[in-house]
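Below is one structure, written out as structure tokens, with a few remarks after it.
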Amino acid sequence: MAAIPMDLLDRIRDLERQVRALMGSANTRPKMDEIQGGRVVIGDGGSLTVRTPEGQELAYFGRILPDRPGGQFQQGFVVRRDDGSPAISVWTGDPQGMPDQPVQIWDRKGNVILADDAKGHGLAKPYVPYPMPTPENATKWESTSSTSWTTLYNGNAIVQHPKLYCLIAMATAGNGGELRLLVDDRQVGPTAKSTLLFTEPIGVDYGSHITFKVQARAANGNSTVWCSPRALYGVQS
């Protein structure tokens, strides 16, 4: 057998190693469930859907029906609970009559419990009551001539916000007096010698059932204090 040069054998071995490396890489699939150091772009009317193992849609992002007038795509998203009921949506079911998409939160029965106003500003739901008007004539307000703290108004509420906005009008005769607000018999806000106005932490946990008391006292036996609650609002921090 003729002698084979050593450099040719080395080349053959190198080729074998390269073939084995190519075969190994061909049988190795990259990870398809991770995105690192990049982003995913879905355009041209495409969409992304997330489903449960049973095929129930959990989240949908992208083109959403109905289309807008003229065939323009509507873009939005819907997030559902795993039972299929809607939870959160940015979408309009009437692009012609209500082109602006409301942000909506749904309960399990399919009722919209929170939404912004798609035609104006602020909230659409829930409805928030305004304080009831009270008499303009201060002498018709609740009053006291006692020099001890006297409860003139009493009411109940369930706490939903971390702070309280308070406005209570006050009128006096004689040497005046003082006014304060209690939450569960604990004073919140300052003691006022005229209209009581403040925004302060309410100081109780979310969902607490509380009692409001508006109290007043006269400076002396020749004085009288009248007051009228005008606003009690829960507000953000």
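Note that the structure is a prediction, hence the values are computed from the model and not measured.
A 6.0 Å sphere centred on CG of D205 holds no more than 12 heavy atoms belonging to other residues, nucleotides or ligands.
In this structure, the separation between NE2 on H161 and OG on S237 is 10.0 Å, given to the nearest 0.5 Å. Note: L179 CG to L196 CG = 5.0 Å, rounded to the nearest 0.5 Å. In this structure, CD on Q56 lies 12.0 Å from CZ on R81, to the nearest 0.5 angstrom. Taken from OG1 in T195 to CZ in R230, the straight-line distance is 8.5 Å, to the nearest 0.5 Å. Taking OG1 of T144 as the start and CD of Q215 as the end, the distance is 10.0 Å to the nearest 0.5 Å. Here the straight-line distance linking atom CG of D82 with atom CG of L58 works out to 6.5 Å at 0.5 Å rounding.
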Could you go through residues 186-193 and list every donor-acceptor pair under 3.5 Å that involves a side-chain atom there, pairing it with any protein atom two or more places apart or in another chain?
residue: R186; atom: NH2; partner: I202; partner atom: O; Å: 2.7
residue: Q187; atom: NE2; partner: G189; partner atom: O; Å: 3.2
residue: Q187; atom: NE2; partner: T191; partner atom: OG1; Å: 2.9
residue: K193; atom: NZ; partner: E178; partner atom: OE2; Å: 3.2

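Side-chain contact between E142 and V214 is absent, with no heavy-atom pair separated by less than 4.5 Å. Taking 4.5 Å as the limit, some side-chain heavy atom of Q160 sits within range of a side-chain heavy atom of Y206. Between K213 and D185, some side-chain heavy-atom pair lies under the 4.5 Å cut-off. Looking at heavy atoms from C-beta onward, V159 lies out of side-chain contact with V183 at the 4.5 angstrom threshold.
Contacts classified as ring-ring contact (aromatic ring centres under 6.0 Å, His included) and involving residues 67-123 (residues at least two apart or in different chains) are given here: F61-F77.
The pair K119-D100 does not count as a salt bridge, with every side-chain nitrogen at least 4.0 angstrom from each carboxylate oxygen.
Partners of Y60 under the ring-ring contact (aromatic ring centres under 6.0 Å, His included) rule, at least two apart in sequence or in another chain, do not exist in this structure.
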